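Here the structure is laid out as structure tokens; the discussion comes afterwards.
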Amino acid sequence: MNAEDTAVLAGAAFAMCEPDVSHAQLTVTVERGAWLAALGWARDELGCSFLGFLRGADEPDADPAAIMVVAHLHTPSGRHHLLLRTLVPAADPRLPTATGLFGGAHRHEREVHEMVGLSFTGHPHLDALPLRV
């Protein structure tokens, strides 16, 4: 990622974001309420049309305790890579679904729901993943 790309990404129309660049990787932290807008911006403005992964992890040391949700987005051409993250309060473990923006979010969100108990409001089929033995 060059300096121009970093400036464009870090200056993303999210006054509430916290950009961090390390090891040529941009990570942007947004408020929970800006989650879908930030995902849509990355897709529409940057061309980050591929959701590589979506993960959730308990953050017990956060004040208050929270769940960190991280999405890895990138362009198929490989020009942009972005880690987008948000903190969701453990006392209210809900985040709007990204399935309307990224088809691949469907299964990722089901996995996060099953692993850390985060509910994705509006998800079309938030059931447990099938167990294969």
Side-chain angles (χ1 to χ4, degrees):
M1 178 179 301
N2 63 37
E4 183 180 321
D5 290 339
T6 300
V8 168
L9 291 169
F14 298 104
M16 73 294 291
C17 74
E18 256 181 62
D20 175 52
V21 179
S22 62
H23 306 291
Q25 173 67 60
L26 178 69
T27 301
V28 177
T29 302
V30 298
E31 296 292 330
R32 174 170 63 164
W35 179 247
L36 285 183
L39 287 169
W41 176 84
R43 184 195 67 187
D44 299 339
E45 299 299 319
L46 297 178
C48 292
S49 59
F50 183 74
L51 174 65
F53 66 78
L54 181 79
R55 297 288 183 257
D58 291 322
E59 292 288 327
D61 295 333
D63 186 28
I67 299 167
M68 173 70 73
V69 179
V70 180
H72 177 245
L73 307 167
H74 60 91
T75 59
S77 67
R79 181 170 179 213
H80 297 298
H81 283 263
L82 171 64
L83 287 177
L84 186 65
R85 64 185 180 185
T86 192
L87 278 174
V88 178
D92 183 20
R94 294 178 297 120
L95 195 63
T97 185
T99 55
L101 295 169
F102 297 97
H106 185 274
R107 191 162 182 91
H108 291 291
E109 288 179 352
R110 287 176 66 192
E111 180 180 289
V112 170
H113 173 70
E114 191 169 325
M115 298 300 286
V116 296
L118 185 71
S119 289
F120 290 91
T121 55
H123 191 283
H125 190 64
L126 202 57
D127 295 339
L129 295 170
L131 186 62
R132 294 187 179 165
V133 194

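As the structure is a prediction and not an experimental result, all values here were calculated from the model.
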(message) Is there a side-chain hydrogen bond (donor to acceptor under 3.5 Å, both in side chains) between Arg94 and Thr121? Walk through the geometry before answering.
(response) CA-CA 7 Å; Arg94 294 178 297 120; Thr121 55; 5.6 Å; no
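In this structure, NE2 in His125 is found 15.5 Å from CZ in Phe120, a value given to the nearest 0.5 Å.
One hydrophobic cluster, built from ILVMFWY side chains closer than 4.5 Å, cannot hold both Leu87 and Val28; they sit in different ones.
For the pair Ala98 and Leu39, the tightest heavy-atom approach, listed with the atom from each and the gap, is CB-CD1, 3.6 Å. The two residues Leu95 and Arg32 come nearest to each other via the heavy atoms CD1-CG, 3.5 Å. In plain terms, the two heavy atoms of Pro96 and Leu36 that are nearest each other are CB-CD1, 3.5 Å. The two residues Phe102 and Arg43 make their nearest non-hydrogen contact at CZ-CB, 3.8 Å. Shown here for Leu126 and Ser119, the closest heavy-atom pair between the two residues is CD2-CA, 4.1 Å.
In this structure, the ring of His106 has its center less than 6.0 angstrom from the ring center of His123.
In this structure, the side chain to side chain contact (heavy atoms under 4.5 Å, CB included) partners of Glu114, at least two apart in sequence or on a different chain, are Ala128, Leu129.
Under the side-chain contact (heavy atoms from CB on, under 4.5 Å) rule, Leu26 has a single partner from Leu82, Leu83, Leu84, which is Leu82.
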For residues 47-74, tabulate all N or O donor-acceptor pairs below 3.5 Å that involve a side-chain atom, not counting sequence neighbours.
unit_1: Arg55; atom_1: NH1; unit_2: Glu111; atom_2: OE2; d: 3.3
unit_1: His72; atom_1: NE2; unit_2: His81; atom_2: ND1; d: 3.2

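There is a side-chain donor-acceptor pair under 3.5 Å between Glu109 and Thr97.
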